[in-house]
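Basis for what follows: all heavy atoms, side chains included, without hydrogens, waters or symmetry-related copies. Numbers restart at 1 for each chain; the letters A, B, ... are given by sequence-line order, proteins then strands.
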Number of protein chains: 2
Amino acid sequence: MRERLPPLVKPATRKITLAVDVVVLSPRSDALAVLLARSAPGGRERWSLPWDAPMPGEAFEDAASRITEASLGSAPALLEQVGAFADARRHPGDADVSVGVVALTPPAELSSLASAEWFSLSALPPLAPRHRAIVDRAITVARQRVDQSPLAFRLLPPTFTLSDLQGIYELLLGRRLHKASFRRALQASYLVEPTDEWRSEGRGRPAQLFRYAPRKRRGARRGVRFDLFTEG
Amino acid sequence: MRERLPPLVKPATRKITLAVDVVVLSPRSDALAVLLARSAPGGRERWSLPWDAPMPGEAFEDAASRITEASLGSAPALLEQVGAFADARRHPGDADVSVGVVALTPPAELSSLASAEWFSLSALPPLAPRHRAIVDRAITVARQRVDQSPLAFRLLPPTFTLSDLQGIYELLLGRRLHKASFRRALQASYLVEPTDEWRSEGRGRPAQLFRYAPRKRRGARRGVRFDLFTEG
DNA sequence: GCGAATTAGTAACGAAGTGTCACTAATGTC
DNA sequence: GACATTAGTGACACTTCGTTACTAATTCGC
C-alpha cells in the first residue's frame, strides 16, 4: 500500500454537463413554501426546481439569481450554495452534476401568468430524486444557519412585528418558542429597532413594527457547546 | 419584467471538466496542517491540493476518499463536501469546476517516499487561486461545524487526554479556552468516557486517557441565540 | 533527598442567561 | 360592557458560564 504514488499531472479528461438548481424558500400561510416550475414533458403536469446551465464565466450565485428572477419576477434576498450533487442521471434536464443553491425571499404574490407556483414543504408534488435531495439539503442548511446569520430577516418584509419574526424562527426551527425568552434575547442582541408604526391585524392589541438594523457587535466569545451535535 | 417566462425544457448543452479537490487537515505540532502534493511542471517545485477527476458514477465523497488515500496512505476519518468552485481556469489541472472536500485525519507520519507533505496553515506555499479559496472555505466550514458535530474527535487518536482534546478545539476555534469551563461542559455532555490508562508525557502530572463514547442524548431544546451572527 | 517547576484536575463563587408564570395593555366580537 | 384575543413586560427560580483558587502527581535541578 506504500508504493501507490499520486499522479503528478493528470488531465481532467471527462466532460460532463452541469446545472444550477435553485430552492427558493418563502413563508406562506404558516408554513415554509418552495417555488416549483411547471414542466409538462408528456402531457401530464410535472414540477421541478427552477434550474438552468450556468453561462460561461458566470458565478453559481449569479446564475441562481438569474434563474430565480426568471421564475419569481424578482431577485431573492439571500443566496447560498448548498453543494454539488451527482447521483447519475436523475435530473430533469439530464445534467450529470447539479450545484444546489438555496434562495430566501419575503412573501410575494406570483404573477398568474408565470409557470411557477408555491408548494408547502409538507405537500410537495413528486420531484426528480436529485431535486428531492437538494430540497432536503437546502432545508437542513437553512436550519443550521438560522442562528449563525440573520437569515430569518430575509424571509420578512422590511418592517415586521416581533410575532412575525418569532413565527419565522418557529418555522425554520420546527418548534415553538417562548415569547418572553425570545424577546429578551432579541432585545439583548441589538439587531432590530422599533419604528413608530403599529399594525392592527384583526383581533387583539396592535403590534409595533420593527426593522432589521444591527447596531452593536458584542464580541461575545463563548465557550464550547457539546450539546448541539446533530447526529451520532 | 412580467413577461419573462422560464424555459420549460432547456438542455444543459455546455460540457465542462470537473475535478474533486481535497483539503486534508490534521493537527501537527500545535498547528493545523494541510496535506499538499508535489508537482513540478516546469522544474520549479510547486504544490497543490490532492485532486483528481471523479470516475463515472463515483460519489464525490468516495472520490475524495480515494484521492486522500493515494497521497496519505490511509483513508480519512471524516469527509465533508464544502461546495463547488468555478473561478475560470485557475485550477492546476485546468478543470472548469472543482468540488471541494474537507477531510480530517489524526496525526500520521507520511511515507518519505510519498510526494506529499504537511504544511502548517500559517505557512502555506503559493497555491493556485482556486485551491487557496477551497482551503479557506474548508477551514471556515470546519470551524462552523465544530460544535454541531463531533469533528474534533476525528482529529485525535482513539484515546486521548482532555488536554489534547482542548488543544484541538483551540486550534479549530483559533482562541484559548478555559480549562475548568471546558471540562465542566464536556462532563455534562456524556461524550467521552475515561479509560484506566494514564499517560505521562515529560514533566507534570500524568493525564488520564479518554475515548470518544457518546452515551446520552439530551434533547437540549434551547432558545434562540442572536449573538452568534458571524458577519454583517 | 528535596524544593521548584510543570501539568492535571476540581471546588466554589458571582455574574449572566434561560424557562416559566403571571400579569398589564389594547384591540375586536358578541 | 363582558369576553376573547393578541401584544408586551416584570419577576422568580434555576441553570450555565467565566474565573479564581486551590489540590495532586510527576520531572528537573541541585
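- The distance from atom CZ of R175(B) to atom P of dG18(D) is 8 Å, rounded to the nearest whole Å.
- A 4.5 Å side-chain heavy-atom check between L127(B) and I134(B) finds every atom pair outside the cut-off.
- A sub-4.0 Å separation between OP1 or OP2 of dC17(D) and a side-chain N or O of S181(B) is absent.
- Between R176(B) atom CZ and dT19(D) atom C1' there is a gap of 15 Å when expressed in whole angstrom units.
- Between R183(B) and dG9(C) there is a side-chain N or O to OP1 or OP2 distance below 4.0 Å.
- The residues R130(A) and D87(A) are annotated as salt-bridged, a charged nitrogen and a carboxylate oxygen being separated by less than 4.0 angstrom.
- For K179(A), the listed nucleotide lying nearest its side chain is dT9(D); candidates were dT27(C), dT9(D), dG9(C).
- Between the CD atom of Q187(A) and the P atom of dT18(C) there is a distance of 14 Å, rounded to whole Å.
- Between R203(A) and dA26(C), a side-chain N or O to OP1/OP2 separation shorter than 4.0 Å is absent.
- Residue E197(A) contributes atom CD, which lies 17 Å from atom P of dA7(D) at whole-angstrom precision.
- Taking the nucleotide of DNA chain C with the nearest heavy atom to each of A180(B) and R225(B), the more 5' of the two is matched to A180(B).
- A salt bridge links D136(A) to R132(A): at least one charged side-chain nitrogen sits closer than 4.0 Å to a carboxylate oxygen.
- OP1 or OP2 of dT20(C) has at least one side-chain nitrogen or oxygen of H178(A) nearer than 4.0 Å.
- Contacts of A185(A) with the nucleic acid, taken as non-hydrogen atoms under 4.0 Å apart, are absent.
- At a threshold of 4.0 angstrom between heavy atoms, the contacts of Q208(A) are confined to the sugar-phosphate backbone, with no base atom among them.
- The separation between L162(A) atom CG and dT6(D) atom P is 16 Å, rounded to whole Å.
- At whole-Å resolution of the value, CZ in R199(A) and P in dA26(C) are 19 Å apart.
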Next item on the list: Apply the test side chain to side chain donor-acceptor pair (under 3.5 Å) to residues T161(A) and S163(A): give CA-CA distance (whole Å), side-chain angles for both, the deciding distance (0.1 Å), then the verdict.
Entry: CA-CA 5 Å; T161(A) 70; S163(A) 295; 4.7 Å; no
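- Rounded to a whole Å, the CZ atom of F182(B) is 15 Å from the C1' atom of dG18(D).
- Nearer to the 5' terminus of DNA chain C, by closest-nucleotide assignment, is the contact made by S163(B) (compared with the other of R184(B) and S163(B)).
- Atom pair L186(A):CG and dA7(D):P shows a separation of 15 Å (rounding to whole Å applied).
- Rounding to the nearest 0.5 Å gives a distance of 12.0 Å between CZ of F153(A) and CG of D164(A).
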